[in-house]
Amino acid sequence: MEARDKQLLRSLRLELGAEVLVEGLVLQYLYQEGVLTENHVQEIRAQATGLRKTLLLLDILPSRGPKAFDTFLDSLQEFPWVREKLEKAREAAVVEPSADDRTPGIPAHVLNSSPSDRQISQLAQRLGPEWEPVVLSLGLSQTDIYRCKANHPHNVQSQVVEAFVRWRQRFGKQATFQSLHRGLRAAEADPSVLLDVLE
């Protein structure tokens, strides 16, 4: 889960505890989507009050992978006003990079900006076969990768450019150098390629 989403759950913790009843659809949906294990569900259900159940869920979610926050949003079908509040707060949140996320030599205002077409093209030139795990860690799917390859069967650089353009279009303001840096690290690619792109 991204640092911004963890921060959001922490800051709205008591509000969510008071407004969300996790016992029904929320738990079942998170279990169905693989975010929670059977043990998690049993542990949450064993809590004495609705508030404690929700707070325990909020403690578990941050460690359940990159899709946990979005799946939690999807699970809030019975609480549309809570989902809307979380989505608005997420859009407004600007997270200070943690020590892990800081890239030496890149100022904060650049980290929070999106790469331009030219920068995406330069990045595509510098990435090798690791581009696939990088875009997967950024939130694209295997289907997206397949389409990029099908659209440009003989040109790997064009496949990479299209993949990053899809990521930028899909994630909008969230498609920043900050998340790109995290994606590179998650895929064990060298994040210093960003410094070359920004020169």
Side-chain angles (χ1 to χ4, degrees), residues 1-6 8 29-30 32-35 61-75 86-87 90-199:
M1 186 180 288
E2 286 192 24
R4 177 199 52 202
D5 297 335
K6 289 180 186 176
L8 202 55
Y29 186 79
L30 292 170
Q32 171 194 298
E33 296 301 309
V35 171
L61 280 176
S63 63
R64 300 304 297 161
K67 301 270 172 71
F69 190 86
D70 288 316
T71 310
F72 177 56
L73 286 181
D74 291 341
S75 77
L86 279 170
E87 285 172 339
R90 191 189 204 187
E91 282 173 23
V94 175
V95 171
E96 282 303 309
S98 69
D100 289 350
D101 288 336
R102 283 204 189 96
T103 309
I106 303 181
H109 72 275
V110 175
L111 284 174
N112 287 321
S113 66
S114 293
S116 66
D117 290 346
R118 183 179 64 80
Q119 288 165 331
I120 283 176
S121 180
Q122 288 175 323
L123 181 62
Q125 288 171 22
R126 286 165 173 77
L127 280 179
E130 70 270 26
W131 74 271
E132 291 186 38
V134 170
V135 298
L136 285 172
S137 70
L138 290 171
L140 294 194
S141 65
Q142 286 289 357
T143 307
D144 291 314
I145 290 175
Y146 172 79
R147 286 185 181 141
C148 294
K149 288 182 170 181
N151 290 342
H152 309 280
H154 307 298
N155 190 328
V156 175
Q157 190 180 333
S158 296
Q159 295 169 12
V160 184
V161 168
E162 183 178 334
F164 281 111
V165 168
R166 280 171 181 260
W167 162 70
R168 193 178 60 189
Q169 287 171 341
R170 188 166 305 165
F171 291 93
K173 289 179 182 174
Q174 296 167 35
T176 61
F177 280 105
Q178 182 78 55
S179 55
L180 194 48
H181 178 243
R182 273 197 294 267
L184 287 163
R185 279 211 343 271
E188 297 182 356
D190 182 1
S192 68
V193 297
L194 292 185
L195 290 171
D196 300 335
V197 167
L198 288 164
E199 277 180 356

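Along the sequence shown, residues are numbered consecutively beginning with 1.
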field: Any residue meeting side-chain contact (heavy atoms from CB on, under 4.5 Å) with Ser179, in chain and number order, not counting sequence neighbours
entry: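 Ser179 satisfies side-chain contact (heavy atoms from CB on, under 4.5 Å) with Trp167, Thr176, Arg182 once adjacent residues are dropped.
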To check you understand the geometry: which heavy-atom pair defines the closest contact between [X] and [Y], and what is its length?
| X | Y | answer |
| --- | --- | --- |
| Ser137 | Gly183 | OG-O, 3.1 Å |
| Ala163 | Leu140 | O-CD1, 3.2 Å |
| Val161 | Ser121 | CG2-CA, 4.0 Å |
| Arg147 | Arg166 | CB-NH2, 3.6 Å |
| Gly172 | Ser114 | O-OG, 3.7 Å |

Would you check if the side chain of [X] reaches a backbone N or O of [Y] as a donor-acceptor pair within less than 3.5 Å?
| X | Y | result |
| --- | --- | --- |
| Gln178 | Asn112 | no |
| Asn151 | Cys148 | no |
| Thr71 | Leu30 | no |
| Gln174 | Phe171 | no |

In the structure I gave you, are the side-chain heavy atoms of [X] and [Y] within less than 4.5 Å of one another anywhere?
| X | Y | value |
| --- | --- | --- |
| Val135 | Asp144 | no |
| Val134 | Val160 | no |
| Phe177 | Leu180 | yes |
| Gln159 | Glu132 | no |
| Val35 | Phe72 | no |

message: Between Asp70 and Arg90 (salt bridge meaning N to carboxylate O under 4.0 Å), is one present in this structure?
response: yes
field: Cationic N near anionic O, under 4.0 Å, Arg64 to Glu33
entry: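 Looking at Arg64 and Glu33, the cut-off is not met.
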- prompt: Under the side chain to side chain contact (heavy atoms under 4.5 Å, CB included) criterion, do Leu136 and Gln142 qualify, and how do the steps go?
  reply: CA-CA 7 Å; Leu136 285 172; Gln142 286 289 357; 3.5 Å; yes
message: Evaluate Leu61 against Asp5 for side chain to side chain contact (heavy atoms under 4.5 Å, CB included), listing each step before the verdict.
response: CA-CA 10 Å; Leu61 280 176; Asp5 297 335; over 6 Å; no
Measuring from [X]:[atom1] to [Y]:[atom2], what's the distance to the nearest 0.5 Å?
| X | Y | atom1 | atom2 | result |
| --- | --- | --- | --- | --- |
| Asp74 | Gln32 | CG | CD | 10.5 Å |
| Arg168 | Leu138 | CZ | CG | 13.0 Å |
| Gln157 | Arg126 | CD | CZ | 10.0 Å |
| His181 | Leu111 | NE2 | CG | 8.0 Å |

message: Applying side chain to side chain contact (heavy atoms under 4.5 Å, CB included) to Leu123 and Gln119, what does each step give before you reach the verdict?
response: CA-CA 6 Å; Leu123 181 62; Gln119 288 165 331; over 6 Å; no
Residues Ser158, Glu162; criterion side chain to side chain contact (heavy atoms under 4.5 Å, CB included); working and verdict: CA-CA 6 Å; Ser158 296; Glu162 183 178 334; over 6 Å; no
